[in-house]
Amino acid sequence: MNLPKTYEPGTYEKDIYALWESKGAFMAHPEKDAERFVISMPPPNETGTLSLGHAMYTLQDIMIRYARMQGKDALWLPGTDHAAIAVNAIIEKRLAEEGTNKHEVGREEFLRRTKEFVGNSRDTMLGQMRAMGFSADWSRLRYTLDDALNRCVNETFTKMYHDGLIYRGNRIVNWDPNLETTVSDDEVVRVEEKAQFYTFQYGPFQISTARPETKFGDKYVVMHPDDKRYAAYKQGDTFEAEWINGKVTATVIKDEAVDPNFGTGVMTITPWHDHTDYDIAERHGLGKQQIIDFQGKLLPIADEFSGMNITEARPKIVAKLKDKGLLVSIDDNYVHSIAVNDRGKGIIEPQIKLQWFVDVNKPAVDWKGKRQSFKEVMQDVIRNKDIRILPSRFEKTYFHWIDNLRDWCISRQIWWGHRIPVWYRKGADGQEETYVGVRPPENQGGTGQAWEQDPDTLDTWFSSALWTWSTLVDQDLAKDYSLSLEDLLQQSTDFQAYHPTSVMESGWDILFFWIARMILATTYMTGQVPFKTVYLHGMVRAEDGKKMSKSRPESVVNPLDVIAEYGTDALRMGLIMGVAPGMDQNWSKGRIEANRNFANKLWNIARFIEDKVGNDHDLKQAAKPESIADHWILTKIQQSVRKISQDLDNYRFSEAYDTLYHFVWDDFADWYIEASKTYINKGVLAYGLETILKLVHPFAPFVSEAIWQTLGWEKSTLLITSAWPQPLGSNTARTQEFEEIRTIVSEIRFISTSIKAQKPRLHHKGDALIAAQADLIKNLAGLSDVSQAGAGSGLHLTGTSHDCCLDLDAVTIQRFLQQLADKSEATKKSISQLESRLSSSSYVSKAPKELVDETRRQLQEAKELLSKQQAEYERFKQ
RNA sequence: GGGCGCUUAGCUCAGUUGGCUAGAGCAUCUCGUUUACACCGAGAGGGUCGGGGGUUCGAGUCCCUCAGCGCCCACCA
């Protein structure tokens, strides 16, 4: 035999993967005239290693392998993301560990180190993706910093700029003093914190704050216009107040943003360092003053506190105010949430800064013949079903996000990323000139002063937003800048063949970051949606249901460890089994083990068949059903193929897999193979195995291909590129007969277990089916004999219409009597249920006729069953 | 403050448009060394589907409500 006793994934996986790659099995073929199926792989961040979250890409691999086997031209385009801030944070951390920082090593050295790090990360990660069995087209591997992709970024920026959709302005932004960069609203997370909440006397008012260190420049008190307590004060009234560093003149402002029920209902504002305060100041045209610098230290306005960082200054400021008698109270149990950078975890200090923004409200996007804003386009494509999001409840989340969307800050003060394609220089009149373009400007002209490029880089998501199409641009043609972008897209074979893509499959956590922004940028740049269907999977959490987190190393499961222990297929199937779309799952070793066992089951099915059929079988020979088991298994195959295909077509992966698992194990292995030990049909066995391998392949590519290759039935073919199974016809009556045998065998097994009878005999009075299938029944039910006999005194089977009885003596049968009584009680119960249903005139008149007929039939059967059960019970009751 | 989700067997979870006796994996119990597999086989037990109300011939599934848990969004001074 070629197949060893147990499936050892480790000895096959690498070779199988290498075989696929060497045969070009993953390659897409745009030249072919075939239906396309395309998935852009969400490019993992080049930050080290892949996680179990990435193992969920298995869903994409399943779709791709299924499409490929259906004869479609399937493209799974892989890539990686330069992950600007995430990588930047890692490099800065490493520099800090070396006792240096980015300013000391300089931009060039910083980028050199970064490139070295991401290069290593990439190699590791690509290896991991291969280990997971991903059948991506590596010849089309892309990277968000590729030259062609950089061109697309610059093209997009430039077009948006000229359309007035990108602007530069002084606006309040989320500033991370640790990484010294701005971050977008979506990158800010809120963390609850217990803090001290101080109330101070401020002129005639009491004001409360958790951040006294920002209060130096405060010279406005704000209250709600309808707050009766402060009705005496009018907008614009001024007063003198003793404050931290002496007297200040403050002005009264009335604004509805103030909640009269919070604190004292009065607050002072710090527009430079707070979003709400900024908005109030904008509404009333108030001045703004910076208190904290970009490193998080107090500015000279703080006098003696100048140069201190916040944590140092805060208690000292409070102490000073207390000494001056201005501290009214301290609430120690105040809980509020502070803004933190999701990458690097630095505490956000809002700042006003000159930054680049994408305007999401300006109606300057051409879409479907109308001028719309980015917001409107993003809403339109979902509302009009150009793009469908699954599960559909995420559409609501999506709309809600858009409703709250503000202009997108896209400039970052970090070095790693796409440099902003904007250049400045002093013009002849001393004014600053700005140049925005896909390529750098010529240095000569004007005053002769050189153009200097904006030092900032773009938000990572700005380049990822172009992913579906920038990756399909012809990499060589992209070097030719005499081609417009439009021409470039027109002449790019891949773009023409593969865009829009078919499905975007990702975790729900990047719906806003990425998916929404791909919709924004792609509709704008290409006039196409980036994908037609979005399928969102859930997060893989730790076993205890909490998030896997590096801060709890024991909670983190490394997919490579799992693969080494259980095999890739077990991991893949374990992550799919019993998991609903969009729902998070808890890591479960039990599920992995169950699927390791399933892989081994497949292996042993193959071993059995190899043993019986031999390894020189020709699959081209049509399988001819002969026995009733043959007909039955062909019917099961037919049903399974149909159900699995339908479920895969409808993104019901878990259900498809469930059907497959039980078909293989319960139907094929437990019944058909067992039946084959009585009557063997090599053709159907071989066909059954072939079909199973094909159905299993998208889920468990390695074990299925390993079996296929080891058997070598189809010389020099690959399972991965074989055709999805076509079911054969079968005979319904014969299928039914096997079902009847299953009923009989199951009942005998139940009785045998109950009475612990060793190999009883089955008698019948010339029943044709039982006589014909005597050996089959005997073997399956573990009987010593099945034979025709006269009026037997044994125990009649009640579950079948075929008259037969187990040849047992009365004493033995006594042991079964209680079970028989229980059974007939259950039957009585179901009879009364069925009767009450049928006695309802509204059921009979309103329910579908088939259903009513079915109920009647069931009642009839139940009654027959009961009478048999009772007859047997009466016969042996003492 | 808005929005979303979850609550189904001891545990972790499935259950498309309402339909017949509610399923799986793991765990549990009883048997079993039959030449594919103990990573196995045969059999069994276990759930008033969170509580209450409603719509319907019929509700785990639809509606209302209450409770507990979780997540997301928002300018909590």
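Note that the structure is predicted; figures quoted are calculated from it, not measured. Chain letters run A, B, ... following the sequence lines, proteins first, then strands; residues in each count from 1.
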Could you run down nucleotides 6-17 of chain B 5' to 3' and tag each one B, S or - for protein heavy-atom contact under 4.0 Å? S-----SSSSB-
For each nucleotide in nucleotides 57-63 of chain B, reading 5' to 3', give B when a protein heavy atom comes within less than 4.0 Å of its base, S when such contact involves only the sugar-phosphate, and - otherwise. B------
I need the minimum non-hydrogen distance between A:L780 and A:R749, along with the two atoms involved. O-NH2, 3.1 Å
Can you see which heavy atom on A:H224 is nearest to which on A:P260, and at what distance? CB-CG, 3.8 Å
Select one nucleotide: of B:C37, B:C73, B:A42, the one nearest the side-chain heavy atoms of A:F512.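 Nucleotide nearest to A:F512's side chain: B:C73.
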Can you tell me how far [atom1] in [N] sits from the matching atom in [M], rounded to whole Å?
N: B:U65; M: B:C4; atom1: P; result: 12 Å
N: B:G45; M: B:C62; atom1: C1'; result: 34 Å
N: B:C49; M: B:U7; atom1: P; result: 13 Å
N: B:G50; M: B:U12; atom1: P; result: 15 Å
N: B:A24; M: B:G15; atom1: P; result: 15 Å
N: B:G18; M: B:A59; atom1: P; result: 13 Å

About how many Å separate [atom2] of [Y] and [atom1] of [X], when rounded to the nearest 0.5 Å?
X: A:M573; Y: A:N597; atom1: CE; atom2: CG; result: 10.0 Å
X: A:I348; Y: A:H273; atom1: CD1; atom2: NE2; result: 13.5 Å
X: A:I292; Y: A:I310; atom1: CD1; atom2: CD1; result: 4.0 Å

Among residues 253-262 of chain A, which contact RNA chain B at a heavy-atom distance under 4.0 Å? A:V258, A:D259, A:F262
With a sphere of 6.0 Å drawn around NZ of A:K682, does it hold more than 12 non-hydrogen atoms of other residues, nucleotides or ligands?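 No, because the 6.0 Å sphere around NZ of A:K682 holds 12 heavy atoms or fewer from other groups.
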Is it the case that more than 12 heavy atoms not belonging to A:K215 sit under 6.0 Å from its NZ atom? yes
With a 4.5 Å limit on heavy-atom distance, are the side chains of A:Y672 and A:N681 in contact?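 Side chain of A:Y672 against side chain of A:N681, heavy atoms only: contact under 4.5 Å found.
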Can you see if the side chain of [X] gets near the phosphate of [N] - specifically, an N or O under 4.0 Å from OP1 or OP2?
X: A:H662; N: B:A24; result: no
X: A:K396; N: B:C4; result: yes
X: A:N597; N: B:C40; result: yes
X: A:K5; N: B:C37; result: yes
X: A:Y398; N: B:C4; result: no
X: A:W508; N: B:G5; result: no
X: A:R211; N: B:C76; result: no

Given Watson-Crick or G-U pairs with both distances under 3.5 Å, what dot-bracket string fits RNA chain B, with | for other-strand pairs and [ ] for crossing? (((((((..((((.....[...)))).(((((.......))))).....(((((..]....))))))))))))....
Is it the case that the side chains of A:D332 and A:Q196 hold a donor-acceptor pair, with the cut-off being a distance below 3.5 Å and no angle test? yes
Any side-chain donor paired with an acceptor under 3.5 Å for A:N779 and A:K677? no
Donor-acceptor pair, distance only, cut-off 3.5 Å: does the side chain of A:T659 make one with the backbone of A:S640?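 It does not hold such a pair.
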Mind checking ring pair (Phe, Tyr, Trp, His ring centres under 6.0 Å) for A:Y651 and listing every partner two or more places apart, or none if nothing turns up? none
Pairing residues for A:F512 by the ring pair (Phe, Tyr, Trp, His ring centres under 6.0 Å) criterion, not counting sequence neighbours: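 Residues passing ring pair (Phe, Tyr, Trp, His ring centres under 6.0 Å) with A:F512: A:W401.
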Matching residue for A:T268 among A:T209, A:D218, A:T214, A:D277 - test: side-chain hydrogen bond (donor to acceptor under 3.5 Å, both in side chains): A:D218
Scan [X] against the nucleic acid and name what it touches under 4.0 Å (heavy atoms): base, sugar-phosphate only, or nothing.
X: A:N404; result: sugar-phosphate
X: A:I673; result: base
X: A:Y334; result: sugar-phosphate

Report the relative orientation of the aromatic rings in A:F699 and A:Y657; use parallel for angles under 30°, tilted for 30 to 60°, perpendicular for over 60°.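 Ring orientation of A:F699 relative to A:Y657: tilted.
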